[in-house]
Amino acid sequence: MTVTSEPSTLTHQQMQTWRRDGYYIARGLFDAHEVAEIRDGFMKLYENGPIEGLSEINPAFAPTDPLARWPRVLHPHAHPECSVYQLSRKYMLEKRV
């Protein structure tokens, strides 16, 4: 998949993947700088552990499950008090997405 600033559509095969799996991984959509920006923002957010009301915490996660250590962040774009609010909105609204 070529990344451009112009909106594009998924290929037939990509749409089949979407329909079969319920998601599609757009490899290469973001460049290394963008990925680092997202990673670093969320790593800083969690440097002191999960955040009540923003993190999905489930005691049923096995200790080996990454979600036990790095829980999902639920709707950070809807929490202006959150340090990744602007970052998450920026990428959520990104034309390529």
Side-chain angles (χ1 to χ4, degrees):
M1 178 175 193
T2 303
V3 178
T4 68
S5 60
E6 296 298 318
S8 63
T9 58
L10 297 178
T11 67
H12 178 72
Q13 183 178 2
Q14 292 165 336
M15 282 303 297
Q16 284 182 318
T17 299
W18 171 270
R19 288 185 185 111
R20 182 191 68 227
D21 300 336
Y23 64 90
Y24 171 73
I25 298 173
R27 298 193 187 284
L29 182 66
F30 298 120
D31 66 30
H33 172 76
E34 293 167 319
V35 171
E37 180 182 30
I38 295 166
R39 180 200 61 223
D40 294 348
F42 281 87
M43 291 296 284
K44 182 165 179 49
L45 175 70
Y46 273 103
E47 67 188 359
N48 295 315
I51 300 165
E52 178 105 19
L54 194 61
S55 306
E56 178 184 63
I57 309 293
N58 186 334
F61 292 139
T64 56
D65 189 324
L67 291 176
R69 173 72 175 101
W70 304 103
R72 290 189 313 159
V73 179
L74 302 176
H75 310 294
H77 61 280
H79 291 272
E81 74 283 2
C82 178
S83 66
V84 294
Y85 170 74
Q86 290 294 338
L87 177 69
S88 57
R89 286 183 59 81
K90 172 184 170 180
Y91 285 102
M92 180 185 78
L93 298 173
E94 168 59 50
K95 283 194 249 182
R96 293 169 290 171
V97 174

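When a residue number appears, it is its place in the shown sequence, counting from 1. Hydrogens, waters and symmetry mates play no part in the numbers below; they use all other heavy atoms, side chains included.
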Side-chain contact test, heavy atoms from C-beta onward, threshold under 4.5 Å: evaluate it for Glu37 versus Phe30 and give yes or no. no
Please round to the nearest 0.5 Å and tell me the distance separating atom CD of Gln16 and atom CD of Gln14. 10.5 Å
Side-chain contact, heavy-atom cut-off 4.5 Å: Tyr85 with Glu81? no
side-chain contact (heavy atoms from CB on, under 4.5 Å) partners for Gln86, two or more places apart: none
If you group Ile, Leu, Val, Met, Phe, Trp and Tyr by side-chain heavy-atom gaps below 4.5 Å, do Phe42 and Met92 land in one group? no
At what distance, to the nearest 0.5 angstrom, does OG1 of Thr9 lie from CE of Met15? 9.0 Å
Checking Arg39 now: which residues fulfil side-chain contact (heavy atoms from CB on, under 4.5 Å) with it, not counting sequence neighbours? Ala36, Met43
Applying side-chain contact (heavy atoms from CB on, under 4.5 Å) to Ser83 and not counting sequence neighbours gives Leu45
Taking every non-hydrogen atom, the tightest pair across Val84 and Pro76: CG2-CB, 3.9 Å
Nearest non-hydrogen partners of Val97 and Tyr91, listed with the distance: CG2-O, 3.5 Å
